[in-house]
Amino acid sequence: MINKVLVVGAGLMGSGIAQVIALAGIPVILVDRSDSDIDRGKKYIEKSIASMRKREKYSVEDERRIHEHIHYSTNVQDGATADLVIEAIPENIALKKEMFRKLDEIIQPHAILASNTSSLSIAEIGSVTLRPENVIGMHFFSPVPLMNLLEIVKSLSTSAETLETAKEFAVKINKQTVVAQDYPGFIVNRILLPMMNEAAFLVMEGTPAEEVDNAMKLGANHPIGPLKLADECGLDTTLSALETLYRDFADSKYRPCPLLKKLVESGKLGRKSGEGFYKYS
């Protein structure tokens with residue numbers, strides 16, 4: 001049973017994950033490396049709450065519950081008694097493995113260690129722990145408070161009990177689940193990333209981003225175009241996931257678009273940096 005959660009990483013994803021857990025009335029500790037990182041996470045949450053209030057999706061009571069159940073810290077040790085840890089740090093396998101080694105030493109032995117990775121191997125991440133049967137993928141989608149899906153990823157080592165606990169937790173935080181196998185990209189990104197990448201190639205070849213997105217919205221009935229969605233996800237995250245697919249499958253269809261690489265190298269990461277395929281105020 002999940003009575004307390006530790007979320008590691010107070011970026012856009014981590015703060016959103018903490019928000020939906022707190023909304024469900026479950027105590028959650030949001031941890032990051034510095035006070036400035038924590039302040040950034042708080043701002044993400046405040047902005048999200050304001051947006052949800054404006055849309056009349058949150059009540060005053062919802063806002064109160066969120067603030068009451070989130071605690072902030074720069075010390076992972078403060079989450080030692082958590083029943084579930086959700087790691088939401090950058091999409092880098094070395095960083096994640098280093099974090100899971102640390103968590104394995106600190107967090108109580110029965111706890112589940114979950115990664116929010118969008119494409120990396122859960123088996124490889126879990127291999128650095130003494131509890132690979134308790135390691136699972138819990139891939140949330142951005143923006144977390146609005147997106148209904150939680151993609152649960154089961155490795156060859158993940159126990160049936162861990163899987164069931166993760167599914168029960170998803171119900172508590174009002175998310176619907178699909179269970180994916182532990183192959184690069186899982187389900188959603190295995191399909192979605194090649195579309196985003198192809199859209200980037202079209203822009204590189206001279207088609208305006210607005211035209212590409214409008215074509216997919218009007219012609220395929222998508223609620224948001226692939227380039228706007230890439231901006232929402234973060235172009236650095238999108239590129240990293242594509243590079244994982246390209247490397248692990250050794251298939252040229254996943255080769256990242258050079259324009260996507262150039263945007264990331266230029267610090268144009270999408271909405272979070274103020275510019276990607278689009279500019280944001």
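- A donor-acceptor contact shorter than 3.5 Å links the side chain of S240 to the backbone of E91.
- Under 4.0 Å is where a charged nitrogen must lie from a carboxylate oxygen, and between K272 and D231 no such pair does.
- The two residues A22 and I70 come nearest to each other via the heavy atoms CB-CG1, 3.4 Å.
- Although no hydrogens or angles enter the test, the distance criterion places no donor-acceptor pair under 3.5 Å between the side chain of T244 and the main chain of L120.
- Remark: the backbone N or O of R255 is paired with a side-chain donor or acceptor of N197 at under 3.5 angstrom.
- A distance of 9.5 Å separates CD1 in I93 from CZ in F100, rounded to the nearest 0.5 Å.
- No side-chain donor-acceptor contact under 3.5 Å links D248 to the backbone of P184.
- Using modelled atom types, no side-chain atom of N148 and backbone atom of Q176 make a donor-acceptor pair closer than 3.5 Å.
- Here the closest heavy-atom approach between residue A123 and residue S155 is recorded as N-CB, 3.8 Å.
- Nearest heavy atom pair, residue Y246 against residue S252, reads CE1-CA, 3.9 Å.
- We find that E265 and K262 are joined by a salt bridge, their nearest charged nitrogen and carboxylate oxygen being less than 4.0 Å apart.
- In this structure, CD1 on I224 lies 7.5 Å from CG on D213, to the nearest 0.5 angstrom.
- There is a path of hydrophobic side-chain contacts, each under 4.5 Å, that joins M204 to M216.
- A pairwise comparison of heavy atoms in A166 and I136 identifies CB-CD1, 3.9 Å as the closest pair.
- Atom CG of residue L95 and atom CD1 of residue I125 lie 11.0 Å apart, to the nearest 0.5 angstrom.
- In this structure, K228 fails the cation-pi test against F277, since its NZ or CZ atom is not both closer than 6.0 Å to the six-membered ring centre and inside 45 degrees of the ring normal.
- A single hydrophobic cluster is seen to contain both I29 and L103, as judged by linkage of ILVMFWY side chains at heavy-atom distances under 4.5 Å, directly or through other members.
- Side-chain contact annotation: D39 with S36, donor-acceptor N/O pair under 3.5 Å absent.
- For S48 (side chain) and Y44 (main-chain N/O), no donor-acceptor pair under 3.5 Å exists by modelled atom type.
- Pairs of residues two or more places apart, or lying in two chains, that qualify as side chain to side chain donor-acceptor pair (under 3.5 Å) and include a residue from residues 96-107 are E87-K96, K97-E124, D104-R131.
- A donor-acceptor pair shorter than 3.5 Å cannot be found between the side chains of T117 and S115.
- No donor-acceptor pair under 3.5 Å is formed between the side chain of R271 and the backbone N or O of E232.
- For N189 (side chain) and L192 (main-chain N/O), no donor-acceptor pair under 3.5 Å exists by modelled atom type.
- What you find for T177 and A170 is that their closest heavy atoms are CG2-CB, 3.3 Å.
- Side chains of D35 and T74 form a contact here, defined as non-hydrogen atoms less than 4.5 Å apart.
- Residues M195 and L149 fall within the same hydrophobic cluster, defined by Ile, Leu, Val, Met, Phe, Trp and Tyr side chains chained together at heavy-atom separations under 4.5 Å.
- Using a 3.5 Å distance cut-off with no hydrogens or angles, the side chains of R190 and Y254 do pair a donor with an acceptor.
- Distance CG/D251 to CG/L245: 9.5 Å, rounded to 0.5 Å.
- Residue L30 is grouped with residue I2 when hydrophobic side chains (ILVMFWY) are merged at heavy-atom distances under 4.5 angstrom, including chains of intermediate members.
- Without hydrogens or angle criteria, S273 side chain to L269 main chain gives a donor-acceptor distance under 3.5 Å.
- Hydrophobic clustering of Ile, Leu, Val, Met, Phe, Trp and Tyr side chains at less than 4.5 Å, counting indirect connections, keeps L113 apart from I86.
- Taking the charged nitrogens against the carboxylate oxygens, E61 and R64 do have a contact shorter than 4.0 Å, which makes a salt bridge.
- At distances below 3.5 Å, not a single donor-acceptor pair connects side-chain atoms of T207 with backbone N or O atoms of V203.
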* Asked: Under the salt bridge (Lys or Arg N to Asp or Glu O under 4.0 Å) criterion, do R40 and D32 qualify, and how do the steps go?
  -> CA-CA 10 Å; R40 176 193 59 184; D32 213 318; 3.4 Å; yes
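- At a cut-off of 3.5 Å, with distance as the only test, no side-chain donor of T162 or T165 sits close to an acceptor on the other residue.
- Shown are M13, E151, K175; of these, the side-chain contact (heavy atoms from CB on, under 4.5 Å) with F141 is made only by E151.
- Across all their heavy atoms, L227 and A199 have their closest contact at CD2-CB, 3.7 Å.
- To the nearest 0.5 angstrom, I122 atom CD1 is 12.0 Å from Q181 atom CD.
- For the side-chain contact (heavy atoms from CB on, under 4.5 Å) with V144, the qualifying choice from V20, L12, I21 is V20, the only one to do so.
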